[in-house]
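All remarks here apply to the structure that follows.
For this chain, numbers begin at 1 and follow the sequence in order. Order of listing sets the numbers, starting from 1, for every ligand and every atom in it.
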Amino acid sequence: MAVFKVDNVEDLYEIGEVLGSGHFGQVREVRERATGIPWAGKFLKLKRGVGSRLGLERKSVEKEVEILQSLQHQNIMALKDVFESRAEVVLIIELIRGGELFDFIAEKESLTETEAIEFLMQILEGVSYMHSKHVGHFDLKPENIMLSDKQAPNPDIKIIDFGMAHCFIQGEEYKSMGGTPQYIAPEIINFEPLSTAADMWSIGVITYILLSGLSPFQGETDEETLKNIVAMNYEFEPHYFSRTSSMAKDFIQKLLLKDQRERMTAEECLIHPWIKPLTRTQMAKRNRSSINMKNFKKFNAKRKWKMSYNMVSACNRLCKLKLVCKTKALEQQELRECESDQEDTETKTASLLRRRLSSSS
Ligand code: ATP
């Protein structure tokens with residue numbers, strides 16, 4: 001069992017503004033009192049009892065912490081410290097000020113494939129490193145790809161949220177139903193044994209969106225999206241990919257493969273000619289091709305709208321839940337814990353795909 005510090009986190013850190021929220025708690029800016037250094041604090045509510053619907057299993061938090069402790073890379077969010085109280089665990093993590101990569105890109109007027117590749121390469125470097133440590137992230141999506149500092153001339157990519165990550169042990173099979181419908185690989189939906197190749201599928205989806213502003217498998221509902229993935233129902237619609245190089249399409253096609261063993265690894269991606277051109281002609285093609293900025297901006301605006309919608313409906317559900325709690329005369333403490341729980345924000349299918357449903361055998 002992992003040992004976390006039992007000091008009161010507020011004695012050592014001043015707690016500041018909310019930076020973001022997840023399913024199981026909030027991320028806030030914190031300042032180390034002894035040094036004045038700013039960090040981020042990820043406050044995760046723990047389940048209070050076996051039957052409790054709210055909060056996370058301690059084991060699940062331990063897993064996230066152990067994985068983060070094993071990873072030290074420029075493109076992966078760093079973990080500094082962990083504190084535990086009766087009701088929550090606080091992860092002190094590197095403060096990432098630059099926001100999401102997709103928001104940063106959406107603010108631009110135009111972007112060539114070469115410029116987009118600068119970011120993609122860093123994602124691949126981070127993923128290649130974690131895979132070399134046998135860690136799969138299993139929730140790679142735009143929300144989890146941030147930038148260190150968007151004012152910097154060359155900001156660093158930071159991969160965040162290792163809540164669904166898994167460290168593979170040789171000879172041990174791992175299955176999980178975790179993930180976000182748009183980005184998950186077919187083997188996850190089919191509940192087959194997984195490998196780090198599931199992350200490579202997600203990178204294929206992210207690249208497809210980045211270039212076209214279209215989500216390759218997106219259906220009207222989550223169920224439809226999942227069906228499209230299993231049926232490998234995607235194409236490069238000429239209208240949206242008119243400015244995309246053939247090398248970029250080749251790159252995506254080598255990731256969106258049903259057979260996980262055939263997908264490119266992150267290492268292989270880094271030497272694909274689209275990422276690392278071998279000839280001047282390849283380089284020139286990349287410079288001439290650009291991302292479909294008009295549609296990308298639309299995609300991003302819709303994505304942000306959906307995120308806020310989910311947040312508002314989560315608040316509404318929590319208000320209702322609080323009412324129920326009140327009528328049942330639950331303790332005041334329990335009520336406070338309801339506030340940051342967002343288990344109910346997703347549809348049935350999506351909520352099926354949370355981190356609780358993973359298993360090793
Ligand atoms: P999920 O519900 O997606 O599993 P989670 O509870 O695991 O989320 P995170 O995704 O890690 O939480 O963080 C929630 C949000 O907080 C992020 O989307 C991001 O906006 C913000 N955030 C997370 N980590 C940091 C950080 N190190 N620095 C700044 N902001 C952060």
Side-chain angles (χ1 to χ4, degrees), residues 13 15-32 37-47 54-57 60-65 67-68 71-82 88-104 126 137-150 155-166 176-184 202 300 303-304 306-308 310-311 313-315 317-318 337 339-347 350-358:
Y13 293 85
I15 314 295
E17 59 167 322
V18 176
L19 299 168
S21 301
H23 285 87
F24 302 99
Q26 284 182 330
V27 177
R28 307 180 77 115
E29 181 160 348
V30 299
R31 189 171 293 274
E32 195 175 9
I37 296 175
W39 297 89
K42 183 166 172 174
F43 293 75
L44 295 167
K45 297 283 176 203
L46 290 178
K47 257 193 205 314
L54 308 170
L56 269 169
E57 299 271 4
S60 173
V61 182
E62 278 178 31
K63 190 174 173 185
E64 181 172 351
V65 166
I67 285 176
L68 277 171
L71 302 174
Q72 279 105 40
H73 191 272
Q74 194 173 350
N75 301 119
I76 295 175
M77 179 195 77
L79 173 74
K80 177 182 191 282
D81 230 332
V82 189
E88 68 183 1
V89 172
V90 186
L91 273 54
I92 303 295
I93 48 184
E94 175 182 6
L95 176 62
I96 305 169
R97 292 192 186 276
E100 292 171 17
L101 170 68
F102 269 32
D103 292 341
F104 177 73
H137 185 282
F138 295 117
D139 200 17
L140 289 176
K141 57 181 177 182
E143 292 83 320
N144 290 337
I145 300 172
M146 296 187 74
L147 282 180
S148 56
D149 176 4
K150 61 179 176 185
D156 282 339
I157 287 284
K158 298 281 176 184
I159 301 172
I160 66 159
D161 192 2
F162 284 72
M164 276 195 301
H166 178 76
S176 166
M177 286 285 275
T180 305
Q182 273 186 78
Y183 305 95
I184 54 172
S202 308
N300 203 50
R303 182 179 74 90
K304 299 307 275 188
K306 262 194 209 155
M307 282 165 73
S308 339
N310 282 346
M311 198 57 78
S313 47
C315 288
R317 278 170 223 245
L318 288 167
E337 277 163 28
E339 275 166 17
S340 66
D341 184 90
Q342 292 177 35
E343 273 178 317
D344 292 350
T345 55
E346 295 164 297
T347 62
S351 66
L352 182 80
L353 301 166
R354 293 310 306 167
R355 65 167 114 171
R356 270 163 277 115
L357 288 173
S358 50

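The distance criterion of under 3.5 Å between nitrogen or oxygen atoms is met by H23 with respect to ligand 1. For ligand 1, the polar-atom distance check finds an N/O of D161 within less than 3.5 Å of one of the ligand's N/O atoms. Considering backbone and side-chain atoms alike, E100 places every N or O at 3.5 Å or more from each N or O of ligand 1. Here's the thing with D139: none of its N/O atoms is less than 3.5 angstrom from an N/O atom of ligand 1.
Listed by number with element, the atoms of ligand 1 under 4.0 Å from a non-hydrogen atom of E94 are 26 (C), 27 (N), 28 (N). Near F24, meaning under 4.0 Å from any of its heavy atoms, are these atoms of ligand 1: 6 (O). Those atoms of ligand 1 with a heavy atom of K42 less than 4.0 angstrom away are 5 (P), 7 (O), 9 (P), 11 (O), 12 (O).
In I96, the parts holding a heavy atom less than 4.0 Å from any atom of ligand 1 are both the side chain and the backbone.
Residues V27 and A40 approach most closely at CG1-CB, 4.1 Å, considering heavy atoms. Of all heavy-atom pairs between T180 and K141, the closest is OG1-NZ, 3.1 Å. In terms of heavy atoms, R28 sits closest to L19 at C-CD1, 3.8 Å. Scanning all heavy atoms of the two residues, the minimum distance from S202 to L140 falls at CB-O, 3.6 Å.
Using a non-hydrogen distance threshold of 4.0 Å, G20 registers as a contact of ligand 1.
Here the side chains of K42 and M77 are not in contact, with every heavy-atom distance at 4.5 Å or above. The shortest side-chain heavy-atom distance between K150 and P155 does not fall under the 4.5 Å cut-off. Residues L46 and L44 are not in side-chain contact: their nearest non-hydrogen atoms beyond the backbone lie 4.5 Å or more apart.
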